[in-house]
Amino acid sequence: RVIVYMPDGSYLPFSRELRNYQYPHRIELLNREELVELAKASTTETVILTLVTSLKPGQHLRAICGASSWPVLGLTHDISAQEVYHELLLTLLGKPQKFDAFVCTSDAALKAISSLQKIAEKTVGFQTNIEKPIIPLGISPELSSSPKSTISDKKRKVITFLYLGRLSYTMKADLAPLISSISQSSLDKNKFKVILAGSVISPDEETVKRYSHYIREEKLDSIITIEENITDARRMELLSEADVLISPVDSFLETFGRVLLEAMAMGLPIIASDWSGYKELIEEGKNGFLIPTIMSKKAIEGVSLSTTLADRWSWYGEMSQCVIVDYDSLIEKMRYFLEAPSIIDTMGQEGRKKVESKFQWPIVIQAYQKECRRLCELSSFSAPIAQLIPYSYDLDKVFSHYPTSTINGDTIIRAKASGKKNIVPLKCLPPFFNSNELEIAFESISGGLSIHKMPFSEYKAMRYASYFLKQNMAEIIESEKVI
């Protein structure tokens, strides 16, 4: 059973999106009030998955639903983002339970989030014990169900090296050194081609233009091609047509390297940076090669000081420029495949075996199920600590002096005679209102009614009453008796 918390305003658009999912019937959309009822009635084991590098959303949801025994499970993505440290501080302030956890997609992610947690604990002045199991990302079994056809050495006259990922020096890899290294190399340029393919976002559009200009300037346009913002279909075509994947990443965003799995599933050997989670996917000389990387310590320490002063793209860009990839080594590994093309299929098959044994989604999902059961068992033996909600505050206590007066559940309102005719508000409903419920609410106040007597929860009744008064569809009266 998969339940997705859905604020009222997002319910309709998200429910429409569900039609595009492969198994929409497995997903239930519940709002806060429905989750509160679930927490009261449910006897089944329930785990809140935040799917982000923060426990905060789950901690908050658990507290407002009164579900103190529900474990919260986060998932590491980009740990270098400025917001991640702030989110971790808020996670600690929410006093995580002994049965809460972060899933780390790699050992590199585990070490990074653990170091970040120690820094955050020093800031808040207390320590916490957050579980950190390692569960990798996965890929669909269908991706490797049809083995990549092998090509004899005689037919493989031109070897295709594919770079696949964001075309971004700030968020993936600075590809300028790759272009210059190929230009300056003694590689036989009649025997290979390089395709640089991936998404381009606005901050990197000028960078990609400079790549293209550089390629033309070096007269490499017959060897190196750039494909921007490719479709999923084209992505699969490129993986099928390529011989070797190259991924000289230098970005701190990378904690795993899912594109490596996709390439391995399609039978491609890998040439990748010896960096973060990448090094955990490549067995040197077996399914690919790792290229040495160097980080400039003083430079990265200096960048650290601008954490909250730089914009996101400058921050990412400055960090990545502190990382050096050994492109001489990359060129030599390209030469290795050009001189011994028979190894391509052999290494590619080793990669496929690795993916099939460890990284297909059914295997990964079993690991998640096992972890969720473990956390639920841990929860059953733990006494929940008092739940804090440090992530929100009572707006009334902060802004109650703004208006002339206020209304509450005892306030009596009555529908105006002209209210039913005023269909403009109903046609322009805010997305967080339900039109059917609104009509029921309007009928209930036809003769005058205290707001708390409306056929809804007090919170929802107050929302609808405010709407009627705001749209001049109702009025405040002194008594429920019809005048």
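Starting from 1, each residue takes its place in the sequence as its number.
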Pairs involving residues 287-320, ordered by first then second residue, that meet ring pair (Phe, Tyr, Trp, His ring centres under 6.0 Å) (sequence neighbours left out): Phe289-Tyr336, Phe289-Phe337

Side chain to side chain contact (heavy atoms under 4.5 Å, CB included) involving Arg335 - partner list, sequence neighbours excluded: Ser186, Leu187, Ile331, Glu332, Glu339

More than 12 heavy atoms of other groups within 6.0 Å of Lys189 NZ: yes

Short side-chain to backbone donor-acceptor contact, Ser320 and Gly317, under 3.5 Å: yes

Test item: Phe161 and Asp243 side chains (from C-beta on) under 4.5 Å apart, heavy atoms: no

Side chain to side chain, Leu238 and Glu227, heavy atoms closer than 4.5 Å: yes

Distance-only donor-acceptor check, side chains Thr53 and Tyr85, under 3.5 Å: no

Any donor-acceptor pair under 3.5 Å from Glu34 side chain to Asn31 backbone: yes

Pairing residues for Ser329 by the side chain to side chain contact (heavy atoms under 4.5 Å, CB included) criterion, not counting sequence neighbours: Ile291, Pro292, Asp326, Lys333

Residue pairs passing the side-chain hydrogen bond (donor to acceptor under 3.5 Å, both in side chains) test where at least one lies in residues 279-289, sequence neighbours excluded: Glu283-Lys354

For Lys122, salt bridge (charged side-chain N to carboxylate O under 4.0 Å, His left out) partners two or more places apart: none

Residue pairs fulfilling ring pair (Phe, Tyr, Trp, His ring centres under 6.0 Å) with at least one residue in residues 224-244, sequence neighbours excluded: none

Evaluation steps, salt bridge (charged side-chain N to carboxylate O under 4.0 Å, His left out), between Glu377 and Arg374: CA-CA 5 Å; Glu377 184 177 353; Arg374 188 184 72 83; over 6 Å; no

NZ/NE/NH1/NH2 to OD/OE distance under 4.0 Å, Glu356 and Arg352: yes

Leu261 to Leu137 - nearest heavy-atom pair and separation: CD1-O, 3.8 Å

Quiz: residues 192-202 side-chain donor-acceptor pairs under 3.5 angstrom, not counting sequence neighbours:
none

Residue pair Leu281 / Gly257: nearest heavy atoms and the distance that separates them: CD1-O, 3.5 Å

Check against side chain to side chain contact (heavy atoms under 4.5 Å, CB included), Ile79 and Leu116: CA-CA 9 Å; Ile79 299 174; Leu116 200 61; 4.0 Å; yes

Within-4.5 Å side-chain heavy-atom neighbours: Pro141 and Pro362: yes

Under 3.5 Å: donor-acceptor pair, side chain of Thr91, backbone of Ser54: no

Ser304 side-chain N/O to Ile300 backbone N/O, donor-acceptor pair under 3.5 Å: yes

Residues that Lys370 engages under side chain to side chain contact (heavy atoms under 4.5 Å, CB included), provided they are two or more places apart: none

Polar side-chain atom of Ser379 near backbone of Leu375 as donor-acceptor pair, under 3.5 Å: no

Among Lys95, Arg62, Lys132, Lys56, the one residue meeting salt bridge (charged side-chain N to carboxylate O under 4.0 Å, His left out) with Asp100: Arg62

Neighbour count >12 (heavy atoms, 6.0 Å) for atom NZ, Lys98: no

Val47 side chain near Cys376 side chain, heavy-atom distance below 4.5 Å: yes

Pairs touching residues 167-182 that satisfy salt bridge (Lys or Arg N to Asp or Glu O under 4.0 Å), sequence neighbours left out: Lys172-Glu254

Pairs touching residues 196-218 that satisfy ring pair (Phe, Tyr, Trp, His ring centres under 6.0 Å), sequence neighbours left out: none

Sidechain-backbone polar pair: Asp204 side chain, Thr207 backbone, donor-acceptor under 3.5 Å: no

Which residues share a side chain to side chain contact (heavy atoms under 4.5 Å, CB included) with Glu121, sequence neighbours left out: Leu92, Gln117, Gln127, Thr128

Under 3.5 Å donor-acceptor, Ser251 side chain and Leu253 backbone: yes

Residue pair Tyr169 / Leu175, side-chain heavy-atom distance below 4.5 Å: no

Neighbour count above 12 (heavy atom, 6.0 Å) for Asp232 CG: no

Minimum heavy-atom distance Leu268-Val244, with the two atoms named: CD2-C, 4.1 Å

Arg234 bridged to Glu241 by N-O distance under 4.0 Å: yes

Nearest-0.5 Å distance that lies between atom CD1 in Ile179 and atom OG in Ser183: 9.5 Å

Under 3.5 Å: donor-acceptor pair, side chain of Ser273, backbone of Asp250: no

Check: Ser185 side chain, Ile182 main-chain N or O, donor-acceptor pair, under 3.5 Å: yes

Note, Cys104 side chain near Ile113 side chain (heavy atom, < 4.5 Å): yes

Under 3.5 Å donor-acceptor, Arg32 side chain and Cys65 backbone: no

Minimum side-chain heavy-atom gap Leu61-Trp70 below 4.5 Å: no

Evaluation steps, side chain to side chain contact (heavy atoms under 4.5 Å, CB included), between Val124 and Leu89: CA-CA 7 Å; Val124 298; Leu89 286 172; 3.9 Å; yes

Listed once per pair and sorted, the ring pair (Phe, Tyr, Trp, His ring centres under 6.0 Å) pairs that draw on residues 226-255, sequence neighbours left out: Phe252-Trp275

Test log, rule side-chain hydrogen bond (donor to acceptor under 3.5 Å, both in side chains), inputs Thr255 and Tyr278: CA-CA 8 Å; Thr255 56; Tyr278 277 41; over 6 Å; no

Leu55 side chain near Phe102 side chain, heavy-atom distance below 4.5 Å: yes

